Amino acid sequence: MNLRVRENPWRLMLAVNVAVLIGVFLYKITREPYVPYIHLLVDYHFGFTKRALIGALVSLFFREVPVWLVFALSGAVWLVTLGLFIKLFRRTFGFDDAQMPLFVFMAGSPFFLKNFMHTLGHFDIYGCALAICLLLVPARSVAFIVLAAAASMILVLIHHIHLLMYVPTIAVIVVIRYYLVQGLSRQNAIVGVAAIACIGLLFFAAQFYGSLPVPPDEFVRYLQSRMADPTRTNLLSFSYIWYQPLSQEIHDTWDRMPSNLLGVPVFALLIWLHAPLWKYLVSLIRSLSEDWHRRVVITAIVMVSVAYLIMFAIVFDYSRWISNWAVCMFLILHAIKTLPGSKAVPPISTEDRKTTVLGWIVTLIPRVGIVRPF
C-alpha cells in the first residue's frame, strides 16, 4: 500500500480532500447562516420579487422555516452537484490513473466543491449544477436551446446576478455543444435570439421591477411570521438588500475597492497554483481540428471573463466571483473536450515533481472565501 501511494499520490490527495471537506463542513455549521437563511423566507407574497424563487418553493412545504433547513437544502444541492460532476468527469475523461491529476485539480480545487461547502446556502451552486446538467443531456435539437434558456431563466429568478455569473457559461455550452456541431440554420438562429430576448427581459424585470412595494417594517414583520423562531431578528439584518438599488450596490463596491484589491495578488497566486490544468486547457484548444472552433472557444472564454469583470465592478463578493469564474473554466473545458480534435492531448503528467507539489498545495487549501481571500 505504501509503495502504491508513493508511486501514485493522487489518490491519496483525493482522500485528503475528503478530510478537508469534512473540516470545512464542521466549521460552516457552527456559523450563523445570515444571508442564506433570509433567502428562504422571501417569496412572492408581495408580488413579483427578485431573489424569491427558492423561498417561494420552500413556502410550499414549510409554513415556518427552521434555520437547519439552510444546511439541509444547500447540503442536498451540494451532494447532487458532486454526483453530477463525478458523472460528467467519468463520461468525459474516465477515472483511470492517468486522469487523476486532472480530477484532483478540478474536484479538489479550493475554488470548487470546497468553496461551495464554505458558501452553503448561497445560490452560486445552482448555476453550476444546471450547467453540468446541460453538459450531460443530449444536444441534438433546438430543444436543447429551449432547455438552456429555461435553466437560465430559473437562475435569474433565483438571483439575478446569475445573468453574469453562470448564464454566459450556459450560453458557451450551447454554442459549443449545439451550434458548432449542428451548424447555424434559420430555425435555430430564431430560437437562439428568442431565448436571449426572454432571458434579458426577465433580468430587466427582476433588476428594476423586483424591489418590494411595501415599507421595510412591513416586510420584516412578514419575514418574522415565516421564521420558526421570530425572536432571532439578527438573522434579518440583510433585509435591506431587497430595497437597495443597483446604483447603491455599485457605490458600496467602489467604496470597498481599495481594500478589496489587496486580495488580487492572492487570487493570482491561487490561479497560478492550477497551472497544470490551465496548460491542459490551452493544449486542448490548440488541438481542435477546426481553426474557427478555436477562435469561437477563445472568444467565448474572453466573454465569460468579461462578464465576471463587470460583476467585480458591481458587487464586492470577490472571493465568490473568482471561485465561480474558475468553476466556469472547468465546465467550459469539459465542453471543449466534446469537439473534434486533430490530435490527442496527453493528460497532466503524474511524474512531474512540480505538478505533484502544486497538487498537494491545492489539496490542502480548504477554500477561497466569500469577500476576501480566506
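Position 1 is the first residue of the sequence, and the numbers go up from there. Computed from a predicted model, the values in this text were never measured in an experiment.
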Does [X] reach the main-chain N or O of [Y] with its side chain, forming a donor-acceptor pair under 3.5 Å?
X	Y	value
His293	Glu290	no
Arg232	Met227	no
Asp43	Leu53	no
Lys28	Thr119	no
Ser319	Arg372	yes
Thr49	Gly47	yes
Ser109	Met106	no
Thr356	Asp352	yes
Thr253	Ala313	no
Asn188	Leu184	no

Inset, instruction - Would you please indicate yes or no on a ring centroid separation below 6.0 angstrom for His159 and Tyr166? - result: no
Legend entry - Near-ring test Phe111/Phe330, centroid separation under 6.0 angstrom: no
Inset, instruction - Show your working on side-chain contact (heavy atoms from CB on, under 4.5 Å) between Arg221 and Glu218 and close with a plain yes or no. - result: CA-CA 5 Å; Arg221 283 195 298 272; Glu218 183 178 349; 3.7 Å; yes
Taking all atoms of both residues into account, what is the closest heavy-atom pair of [X] and [Y], and its distance?
X	Y	value
Ala129	Leu84	O-CD1, 3.9 Å
Pro110	Asn115	O-CB, 3.1 Å
Leu41	Tyr222	O-CE2, 4.3 Å
Ser323	Val368	OG-CB, 3.5 Å
Leu134	Ala151	CD1-CB, 4.4 Å
Ala107	Leu113	O-CD1, 3.8 Å

Would you say [X] and [Y] are hydrophobically clustered, going by side-chain heavy atoms of ILVMFWY under 4.5 Å?
X	Y	value
Tyr27	Val24	no
Val193	Ile170	no
Tyr44	Val214	yes
Ile332	Leu309	no
Phe93	Val282	no

Inset, instruction - Walk me through it: do Asn324 and Cys128 pass the test side-chain contact (heavy atoms from CB on, under 4.5 Å)? - result: CA-CA 8 Å; Asn324 283 287; Cys128 175; 5.6 Å; no
Approximate separation, where rounding is to 0.5 Å, of [X] [atom1] and [Y] [atom2]:
X	Y	atom1	atom2	answer
Thr169	Leu164	OG1	CG	11.0 Å
Phe116	Arg320	CZ	CZ	9.5 Å
Leu288	Leu180	CG	CG	9.0 Å
Phe203	His162	CZ	NE2	12.5 Å
Leu12	Trp360	CG	CH2	3.5 Å
Thr363	Leu14	OG1	CG	7.5 Å

On the 0 to 90° scale, with breaks at 30° and 60°, tag the [X]-[Y] ring pair as parallel, tilted or perpendicular.
X	Y	value
Trp10	Phe105	tilted
Tyr318	Phe312	parallel
Trp278	His274	tilted

With side chains defined as the heavy atoms from C-beta onward, is the minimum distance between [X] and [Y] less than 4.5 Å?
X	Y	value
Asp255	Phe316	no
Val104	Val362	no
Phe85	Phe103	yes
Arg367	Met117	no
Ile250	Trp254	yes
Asp229	Val67	no
Gln99	Asp96	yes
Phe219	Val42	yes

Inset, instruction - With sequence neighbours excluded, tell me which residues meet side-chain contact (heavy atoms from CB on, under 4.5 Å) with Leu40. - result: Ile54, Val58, Val65, Leu69, Val70, Leu73
Inset, instruction - Determine, for Asp291 against Arg295, whether the closest basic-nitrogen to carboxylate-oxygen distance falls under 4.0 angstrom. - result: yes
Inset, instruction - Just jot down the ring pair (Phe, Tyr, Trp, His ring centres under 6.0 Å) partners of Tyr209, sequence neighbours excluded, or say none. - result: Phe204
Inset, instruction - Under the ring pair (Phe, Tyr, Trp, His ring centres under 6.0 Å) rule, collect the residues that match up with Phe267, sequence neighbours excluded. - result: none
Inset, instruction - Answer yes or no: are there more than 12 heavy-atom neighbours, outside Met303 itself, under 6.0 Å from its atom CE? - result: no
Legend entry - Heavy atoms from other residues, nucleotides or ligands near OH of Tyr308 exceed 12 (cutoff 6.0 Å): yes
Legend entry - Among Lys50, His39, Gln248, side chain to side chain contact (heavy atoms under 4.5 Å, CB included) partner for Ile241: His39
Inset, instruction - Check Val304, Ile301, Ile173 against Cys328 for a side chain to side chain contact (heavy atoms under 4.5 Å, CB included) and give me the one that passes. - result: Val304
Legend entry - Residue pair Asp124, Val327: steps toward the side-chain contact (heavy atoms from CB on, under 4.5 Å) verdict: CA-CA 10 Å; Asp124 312 2; Val327 172; over 6 Å; no
Inset, instruction - Kindly indicate, with the supporting measurements, whether the criterion side-chain contact (heavy atoms from CB on, under 4.5 Å) is fulfilled by Tyr178 and Val142. - result: CA-CA 8 Å; Tyr178 179 76; Val142 292; 3.6 Å; yes
